[in-house]
Amino acid sequence: MIRADVVVVGAGGAGAPLAARLAEGGADVVLVEAGRVPSDPSGFGRDLLDAGRLRGADPRHPDTWAHPARLTSGRDYTVIRGRIAGGSTTTNGGYFLRPTAADVARWGARAPEWTPEVVRSAMIRLERDLDFGSDPRHGDAGPTPVSRPAPTHPVAAAFARAALERGMRWIPDANLDDGEGVGPLPMDVVDGVRWNTALGYLLGGAPGSDAGRRRPRVVQGTVQRVVVEAGHARGVDLVRDGIADRVAADEVVLSAGAFGSPQLLMRSGIGPAAVLERADIAVVHDSPGVGSAFSDHPQVALDWRPSRLLPTDSPTAMAVVARTASAELLPLLAPTPVLLGGRAADTVPFTTLVSLSRARSRGTIAPAGQSGESFTIDYRYLDDPLDRADLREAVREASALHESDAFAQISAGVTGLSPRTLESDTALDTWILDRLGTSVHASGSAPMGPSSDPGAVVDGLGRVYGVKGLRIADTSILPEAPSRGPAYSAVVIGEVLAALMLQG
């Protein structure tokens, strides 16, 4: 048995910052990670740290979780999350955009501790902004580097010109300006290296994570359940190298992600009583909000064929981002097969990702077998007709941008989407459903809120209602998916909750 003041489950986007900051504050912290835990940066391997590729998006990659899911009726999918120190900050695209002011206001409306000032301080603590660090609204000494690739790649340059031609305004720093427009994409990338939270917070690889600071003890193992005795979390049971073990702690913090944390809660008997009883799981605490209404960003891929040979080697897989009133457009700088690590023929198209910024439809996570051996993840995408309407308009805007004179300088046109389909709502809905994917930005599966709200699972300090000594610190606790990708928001969660916990 291992003993600690605090055990944190999951060394991902929120868990690594949380554990590191608690340890720096004097707590004895054990950080449990199910995946590999490299002892130095070289242990991650070039394939995962290469920001010009997306090899971690391949469901066959050994350092990922591959979650079977259903996006909508008849549309099954495999959702990929990082299973390695750094979590999905090790396997994602390097996208690192701040949440919008409206996102932060929604957090504060659910939990008074989450004021704009508290969130802003966390942002400054976490950042080492390589472009605007001298601006007091940014950080210049934090563990996470932030850079904005110059839009010099032909795809990025043409896309930016096309967006401006379409009347969008230029946004030089999207981490300060969260309005509509186009500009360079903020990324946690340095010299082509994807800088995950393990590098920044656990291995002392950045100026903001001094090697002399006290650090958490990192243990590799798979947590099976939270140990709850007389209404109090006393630790976690886990398996290490095939052997059962336990970490006993005064506090347990789940940072296993928007899928992993609610699953651990339900395996431990914390969740909607009727759902647990159907799975023959003994109910420890009836918490209706666990897994009952998560959200994410529906996404479709708009393919286009280049009119000339374009480079497919770039320090980053993306470089610019455009935002409309309801969507985000991200052009990829190489064909998908190349980004996944393969080679592509000249006929393979390039892709622009079209994602809704906020979706109204809500999904569920529930045990699929006895004792929580497996889970069903049902996104229920586009259940709300307004989501369908917003995604139609986003696809139409993206198509018009790609058909503009500026983009025509490198493009032979969009593939598989005819003008006739674009004109018909019914035909376009069918086209979207045939190509529907997800941004993999799940949030809200154990949301924070006031104790008077039966759907709230945690309070503003991440404390689980009904179970003492148990908290959650990941995107599960956000009321809904942020308007932007949640990688930055996950790090903010770790920073904010660590600071609140250290304050007592």
Side-chain angles (χ1 to χ4, degrees), residues 13 92-111 114-127 129-133 135-139 142 144-149 151 156 159-160 163-164 166-189 295-299 318-331 352-360 390-391 393-394 397-398 401 439 441 443-444 475 478-493 495-496:
N92 66 11
Y95 173 116
F96 207 63
L97 268 165
R98 285 180 172 184
T100 67
D103 291 325
V104 175
R106 281 188 285 272
W107 302 349
R110 299 290 294 170
W114 289 72
T115 66
E117 293 74 25
V118 165
V119 174
R120 189 178 305 114
S121 294
M123 291 175 175
I124 291 172
R125 281 198 305 277
L126 72 88
E127 286 182 351
D129 197 300
L130 305 178
D131 300 317
F132 298 105
D135 188 316
R137 294 171 294 178
H138 283 297
T144 308
V146 182
S147 63
R148 298 155 188 80
F159 184 88
L164 295 173
R166 293 280 302 164
M168 291 189 179
R169 64 192 180 93
W170 181 251
I171 298 178
D173 182 10
N175 274 349
L176 287 185
D177 186 332
D178 56 23
E180 297 176 46
V182 64
L185 176 67
M187 307 186 80
D188 53 352
V189 172
S295 64
D296 203 324
H297 297 142
Q299 182 181 87
M318 301 170 278
V320 293
V321 59
R323 293 185 58 81
T324 70
S326 61
E328 182 177 83
L329 315 180
L330 272 171
T352 295
L353 302 177
V354 182
S355 306
L356 282 192
S357 298
R358 292 186 69 196
R360 302 163 184 84
D390 283 348
L391 196 49
E393 292 313 304
E397 175 61 30
L401 187 153
S439 301
H441 296 162
S443 304
T475 62
L478 299 180
E480 61 182 273
S483 306
R484 293 159 159 193
Y488 194 117
S489 296
V491 184
V492 167
I493 290 167
E495 288 276 3
V496 168

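Numbering of residues begins at 1 and proceeds along the displayed sequence.
- Heavy atoms only, all atoms of each residue included: Val354 and Ala394 are closest at CG1-CB, 3.7 Å.
- The side-chain heavy atoms of Ile493 and Trp114, taken from C-beta on, include a pair separated by under 4.5 Å.
- Note: Asp103 CG to Leu478 CG = 8.5 Å, rounded to the nearest 0.5 Å.
- Just one residue in the list His441, Met187, Arg484 forms a side-chain contact (heavy atoms from CB on, under 4.5 Å) with Tyr95, and that residue is Arg484.
- Note: Arg166 CZ to Thr324 OG1 = 11.0 Å, rounded to the nearest 0.5 Å.
- For the pair Leu391 and Leu356, the tightest heavy-atom approach, listed with the atom from each and the gap, is N-CD2, 3.6 Å.
- By the ring pair (Phe, Tyr, Trp, His ring centres under 6.0 Å) test, Tyr488 is found to be paired with Phe96, residues two or more places apart in sequence or in another chain being considered.
- Remark: side-chain polar atoms of Ser355 are not paired, donor with acceptor, to backbone N or O of Glu328 under 3.5 angstrom.
- For the pair Arg169 (side chain) and Glu180 (backbone), a donor-acceptor distance under 3.5 Å is present.
- Residues Pro184 and Val321 come closest through the heavy atom pair O-CG1, 4.4 Å.
- Closest non-hydrogen pair, Asn175 versus Arg98, comes out as OD1-N, 2.7 Å.
- Closest approach of Trp107 to Pro482, counting heavy atoms only: CZ2-CG, 4.4 Å.
- The salt bridge (charged side-chain N to carboxylate O under 4.0 Å, His left out) search around Asp390 returns Arg360, not counting sequence neighbours.
- In this structure a side-chain-to-backbone donor-acceptor pair under 3.5 Å is missing from Ser483 to Ser357.
- Side-chain polar atoms of Asp188 and Thr144 form no donor-acceptor pair below 3.5 angstrom.
- In this structure, the side-chain contact (heavy atoms from CB on, under 4.5 Å) partners of Asp129, at least two apart in sequence or on a different chain, are Glu127, Asp131, Phe132, His138, Val146, Arg148.
- Here the straight-line distance linking atom CD of Glu480 with atom OG of Ser443 works out to 9.0 Å at 0.5 Å rounding.
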